[in-house]
Amino acid sequence: MSFKPLRKAVLPVAGLGTRFLPATKAMPKEMLTVVDKPLIQYAVEEALEAGIEQIIFVTGRNKSALEDHFDISYELEDTMKARGKSLAILEGIRQKPGSPVYIRQQEPLGLGHAVWCAREIVGDEPFAVLLPDELMNGSPGFLKQMVEAYEKVGGNIVGALEVPDSETDKYGIISPGARDGRLVEVTALIEKPARGTAPSNLMIPGRYILQPEIMRILEGQEAGAGGEIQLTDAMAQLIGQQPFHGFTFDGQRYDCGDKAGYIQANLALALEREDIGPAVLAFARELIGR
Ligand code: UTP
């Protein structure tokens with residue numbers, strides 16, 4: 001099969017991050033660091049690794065630190081050079097000049113609304129959506145794994161991750177059809193189903209490959225669960241019109257918009273590091289043994 005290649009990714013970063021107050025009062029949630037990199041950089045690196053050529057950030061007020069992070073910092077770089085320090089640590093931050101796009105959502109009306117705000121830039125092309133507060137730790141990255149599946153089946157692909165039955169009411173949930181390896185046909189999608197009514201325990205993490213037709217559905221989308229314009233409700237309407245699959249993730253997801261998830265991410269990624277891992281492990285052991 002031949003499909004339009006995936007070149008663009010939308011990164012919605014206009015949320016208020018209320019679960020992480022007071023840290024997120026004046027600083028964007030996506031600038032919280034896991035070990036030594038802000039969350040937004042993990043998401044950008046995952047997108048670029050998957051072959052994405054253009055990143056569209058949907059931002060809001062008080063988010064200018066995100067734009068600065070991906071820009072040149074002359075003073076910093078000149079000072080580092082003058083002191084003979086390597087600039088290698090800043091590699092991976094800069095994208096092709098003129099390539100990243102920043103648009104404003106103006107009002108945080110929900111994830112579906114944030115994605116719809118990118119419609120003019122997305123145009124008539126498939127696109128990925130990555131929620132940077134969800135850190136997907138895997139090798140290769142999750143989006144790259146999803147792109148490999150997309151090149152086989154096309155259409156729309158969302159992540160599919162098993163969660164305990166007691167947690168299904170917190171997420172968008174997949175009603176599964178036929179399975180083929182790591183791909184599962186999606187027959188329906190339900191946002192935050194009431195306890196005991198979930199059709200499966202497969203939740204949708206913050207990674208999506210979507211066809212541009214979703215934008216027309218979002219155009220007239222009413223608010224859903226939590227009074228927000230939900231991406232899940234719009235995606236549900238594509239089922240039956242276009243191929244729609246879930247794809248299981250080979251790796252670990254950390255919900256860094258949640259304090260406990262964020263601490264777990266820091267601990268897990270610190271332990272993986274050659275430079276600081278042994279010291280962190282020794283400290284963690286000592287702390288637990290106390
Ligand atoms: P969340 O559900 O985590 O919401 O959004 P939030 O506002 O960021 O955080 P809390 O719940 O108040 O603590 C998931 C993703 O969707 C983006 C967020 O920035 C995050 O990446 N989002 C959400 C928007 O861009 N706009 C919105 O209106 C809502």
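What you are looking at is a predicted structure, and each value in this text was computed from that prediction instead of being measured. Order of listing sets the numbers, starting from 1, for every ligand and every atom in it. Just so it is clear, the values below take in all heavy atoms, side chains as well, and ignore hydrogens, waters and symmetry mates. Sequence positions, counted from 1, serve as the residue numbers for this chain.
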Subject >> Glu107 touching ligand 1 at heavy-atom level, < 4.0 angstrom >> reply: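 For ligand 1, residue contact (heavy atoms, under 4.0 Å) with Glu107 is absent.
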Original post:
Is the closest N or O pair between Gly17 and ligand 1 shorter than 3.5 Å?
Top reply: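 Between Gly17 and ligand 1 (N or O atoms, distance only) the closest approach is under 3.5 Å.
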Can you pull out the closest protein heavy atom to [atom]? Residue, atom name and distance to 0.1 Å, please.
{"atom": "atom 17 (C) of ligand 1", "answer": "Pro12 O, 3.7 Å"}
{"atom": "atom 7 (O) of ligand 1", "answer": "Leu16 N, 2.9 Å"}
{"atom": "atom 23 (C) of ligand 1", "answer": "Gly15 CA, 4.1 Å"}
{"atom": "atom 25 (O) of ligand 1", "answer": "Ala14 N, 2.9 Å"}
{"atom": "atom 26 (N) of ligand 1", "answer": "Gln105 OE1, 2.7 Å"}
{"atom": "atom 16 (O) of ligand 1", "answer": "Leu111 CD1, 3.7 Å"}
{"atom": "atom 28 (O) of ligand 1", "answer": "Gly110 N, 2.7 Å"}

Atom indices of ligand 1, in the order listed, that fall short of 4.0 Å to a heavy atom of [X]:
{"X": "Leu109", "answer": "28 (O)"}
{"X": "Ala114", "answer": "24 (C), 25 (O), 26 (N)"}
{"X": "Glu30", "answer": "19 (O)"}
{"X": "Lys29", "answer": "3 (O), 6 (P), 8 (O), 9 (O)"}

**OP:** Could you tell me which non-hydrogen atom of Tyr150 sits nearest to which non-hydrogen atom of Ile209, and how far apart they are?
**Re:**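 In terms of heavy atoms, the two residues are closest at CD1-CG2, 3.7 Å.
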Subject >> Residue pair Gln211 / Gly155: nearest heavy atoms and the distance that separates them >> reply: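 Looking at all heavy atoms of both residues, the closest pair is NE2-O, 2.8 Å.
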Subject >> Candidates Val10, Ile157, Asn156, Leu111 - the one meeting side chain to side chain contact (heavy atoms under 4.5 Å, CB included) with Tyr208 >> reply: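 Single side chain to side chain contact (heavy atoms under 4.5 Å, CB included) partner of Tyr208 among Val10, Ile157, Asn156, Leu111: Leu111.
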Original post:
Any Lys/Arg nitrogen of Lys8 or Glu53 sitting under 4.0 Å from an Asp/Glu carboxylate oxygen of the other?
Top reply: no
Original post:
Are Lys170 and Asp255 ion-paired here, with the side-chain N under 4.0 Å from a carboxylate O?
Top reply: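 Between Asp255 and Lys170 there is no salt bridge, as every charged N stays at least 4.0 Å from the carboxylate O atoms.
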Subject >> Arg19, His113, Glu228: member with heavy atom nearest to atom 1 (P) of ligand 1 >> reply: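 Considering heavy atoms of Arg19, His113, Glu228, the nearest to atom 1 (P) of ligand 1 sits in Arg19.
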**OP:** Compare Leu39, Ile40, Thr18, Leu130 and give the one whose heavy atom is closest to atom 10 (P) of ligand 1.
**Re:**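 When every heavy atom of Leu39, Ile40, Thr18, Leu130 is considered, Thr18 comes closest to atom 10 (P) of ligand 1.
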Original post:
Does Tyr171 have Lys192 sitting over its ring (NZ/CZ under 6.0 Å from centre, angle to axis within 45°)?
Top reply: no
Subject >> Hydrophobic cluster (4.5 angstrom, side-chain heavy atoms) - remaining members for Ile190 >> reply: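 Members besides Ile190: none; it forms no cluster.
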**OP:** Could you check Arg182 against Gln145 for side chain to side chain donor-acceptor pair (under 3.5 Å), going step by step and ending with a plain yes or no?
**Re:** CA-CA 10 Å; Arg182 289 172 63 191; Gln145 297 177 30; 2.4 Å; yes
